[in-house]
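Structure, as structure tokens:
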Amino acid sequence: MFILYNLASIDTYIREFLLSLCLDIEHTSKTMLMTDITYNNQEDGYHIVDLFKQKCPQKYNSIYDHYKVNTYLKDMFIKTYGSPLPIWALLELVDFGAFTMILDLYIKEYSIRKSKVNNLSKNLRYVRNACAHNNVFLLNVYNYKSNYIKRPTHLSKQIASKSGVQEINRFYNKPHDVLILFWIHKTICSNALNVRRHHDGLKVIERIKKSEENYKNSDSLLRFFSLLNKMIDLLHA
């Protein structure tokens, strides 16, 4: 029972840390999109919202319905009620999945090269959802039946090679997506934020090492913790 409690505690540390990386990427990506829109003379900040409304009406209506009853956003709703919703307001309301839909529409509308976030949004969303919904992350990490990837991304090969991570991590969903998550964070987030998350990550590693006697005979856990350790180092490289 004590061993299970310790692993559950470690799992919580890992999920909270990975979620912080996801939220950093989400915030940075929204800021980057807003910056691009600001300097795009063809976009007024309303056209992209209209496009989203036309292409994804159910999603837009669902977002707007939640907006109307959200007491935390009441002041913003009063300011925008009866007027077209600007993109800055919409980005305050959308989750990561809806954001990537808007980003994809914007990229297609203005023939912009796809961003790293847009190309790999599925991988990020899987990690984000698992962590945000408190799904056990350390369960079946290297389960061949449920998590094996026949054709992992070429990018994961490059990341594994540069960071010294075992090749096997590319072929299972969770380790593969963790590789992608760290790489995107390192690539698009500020150096100061990467340093800060590296510091947070060291606390996670410290918590893991505190209970190493409990998992020293588990090859899968040792492999995943080694991956995590190397990817955390990547943030400060």
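Nearest heavy atoms, Cys22 versus Leu124: SG-O, 4.2 Å. The minimum heavy-atom distance between Arg197 and Phe17, with the atom names listed, is O-CE1, 3.2 Å. When all heavy atoms of Ile188 and Thr28 are compared, the pair lying nearest together is O-CG2, 3.4 Å. Minimum interatomic distance between Arg128 and Glu26 (heavy atoms only, all atoms of both residues): NE-OE1, 3.0 Å. The heavy-atom pair separating Gly97 from Arg125 by the smallest distance is CA-CD, 4.1 Å. Counting all heavy atoms, side chain and backbone alike, Gly164 lies closest to Lys230 at O-NZ, 2.7 Å.
With contacts defined as side-chain heavy-atom distances shorter than 4.5 Å, the pair Phe224/Leu221 does not qualify. Within the 4.5 Å cutoff, the side chain of Met231 has heavy atoms near those of the Ile159 side chain. Here the side chains of Leu138 and Lys174 are not in contact, with every heavy-atom distance at 4.5 Å or above. Looking only at side-chain heavy atoms (C-beta outward), Asn194 and His185 come within less than 4.5 Å of each other. You'll find the side chain of Pro152 stays beyond 4.5 Å of the side chain of Lys157, heavy atoms only. Residues Thr35 and Thr38 have side chains not in contact (no heavy-atom distance under 4.5 Å, counting atoms from C-beta outward). At a threshold of 4.5 Å between non-hydrogen side-chain atoms, the residues Phe225 and Ile205 do not count as touching. Within the 4.5 Å cutoff, the side chain of Asp233 has heavy atoms near those of the His198 side chain.
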Note to self: Applying side-chain contact (heavy atoms from CB on, under 4.5 Å) to Arg196 and His199, what does each step give before you reach the verdict?
What the structure shows: CA-CA 5 Å; Arg196 179 181 170 188; His199 179 72; 5.7 Å; no
Item checked: side-chain contact (heavy atoms from CB on, under 4.5 Å) evaluation trace for Ile10 with Ser211 -> CA-CA 9 Å; Ile10 291 172; Ser211 301; 4.1 Å; yes
Next item on the list: Walk me through it: do Val141 and Asn147 pass the test side-chain contact (heavy atoms from CB on, under 4.5 Å)?
Entry: CA-CA 7 Å; Val141 176; Asn147 288 311; over 6 Å; no
Next item on the list: Take Tyr110 and Glu43, measure what side chain to side chain donor-acceptor pair (under 3.5 Å) needs, and give me the verdict at the end.
Entry: CA-CA 9 Å; Tyr110 297 107; Glu43 174 59 52; 2.6 Å; yes
Checklist line | Asp36 and Tyr106: CA distance, side-chain angles, deciding distance, side chain to side chain donor-acceptor pair (under 3.5 Å) verdict | finding: CA-CA 10 Å; Asp36 199 277; Tyr106 183 78; 2.6 Å; yes
Item checked: Criterion side-chain contact (heavy atoms from CB on, under 4.5 Å) on Val195 and Asn191, from CA distance to verdict -> CA-CA 6 Å; Val195 169; Asn191 184 58; 4.2 Å; yes
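Distance check, rounded to the nearest 0.5 Å: CD of Glu213 to CG of Asn6 gives 11.5 Å. Atom OG of Ser156 and atom CH2 of Trp183 lie 11.5 Å apart (nearest 0.5 Å). Here the CG atom belonging to Leu179 is positioned 11.5 Å from the CD1 atom belonging to Ile184, to the nearest 0.5 angstrom. Between Asn173 atom CG and Tyr148 atom OH the span is 11.5 Å, to the nearest 0.5 Å. Expressed to the nearest 0.5 Å, how far CH2 of Trp88 lies from CG of Leu93 amounts to 9.0 Å. The OG atom of Ser163 sits 12.5 Å away from atom CD1 of Ile232, with the distance rounded to the nearest 0.5 Å.
Lys203 and Glu206 are not joined by a salt bridge, as no carboxylate oxygen comes within less than 4.0 angstrom of a charged side-chain nitrogen.
No donor-acceptor pair under 3.5 Å is formed between the side chain of Ser161 and the backbone N or O of Gln158. In this structure, Asn140 contributes its side chain and Asn143 its backbone to no donor-acceptor pair below 3.5 Å. Listed for the Arg15 side chain is a donor-acceptor partner under 3.5 Å among the backbone atoms of Asn135. Listed for the Asp11 side chain is a donor-acceptor partner under 3.5 Å among the backbone atoms of Phe137. Under a 3.5 Å cut-off, the side chain of Ser218 and the backbone N or O of Tyr215 do not form any donor-acceptor pair. For the pair Ser226 (side chain) and Leu222 (backbone), a donor-acceptor distance under 3.5 Å is absent.
When the side chains of ILVMFWY residues are joined at heavy-atom separations under 4.5 Å, either directly or via intervening members, Leu19 and Ile208 end up in two distinct hydrophobic clusters. Cluster annotation: Met32 and Leu181 are assigned to the same hydrophobic cluster (Ile/Leu/Val/Met/Phe/Trp/Tyr, side-chain heavy-atom contacts under 4.5 Å, transitive). Both Leu105 and Leu90 sit in one connected hydrophobic cluster of ILVMFWY residues. Membership requires side-chain heavy atoms under 4.5 Å apart, directly or through other members. Clustering ILVMFWY residues whenever any of their side-chain heavy atoms sit less than 4.5 angstrom apart, transitively, puts Ile168 in the very cluster that holds Tyr144. Val178 and Tyr126 fall into different hydrophobic clusters, where Ile, Leu, Val, Met, Phe, Trp and Tyr are joined by side-chain heavy atoms under 4.5 Å apart, directly or via other members.
Surrounding NE2 of His47 are more than 12 heavy atoms belonging to other residues, nucleotides or ligands, all under 6.0 Å away. By the 6.0 Å contact criterion, CZ on Arg207 is enclosed, its count of non-hydrogen atoms from other residues, nucleotides or ligands being greater than 12.
Ring geometry, Tyr172 versus Tyr142: the interplanar angle exceeds 60°, so the pair is classed perpendicular (tilted spans 30 to 60°). Ring planes of Tyr67 and Phe77: perpendicular class, angle over 60° (limits at 30 and 60°).
A donor and an acceptor atom, one from each side chain of Arg223 and Asn169, are nowhere located under 3.5 Å apart.
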What donor-acceptor contacts under 3.5 angstrom involve side-chain atoms of residues 55-66, with partners at least two apart or in another chain?
{"residue": "Asn61", "atom": "ND2", "partner": "Pro57", "partner atom": "O", "Å": "3.1"}
{"residue": "His66", "atom": "ND1", "partner": "Ser62", "partner atom": "O", "Å": "2.8"}

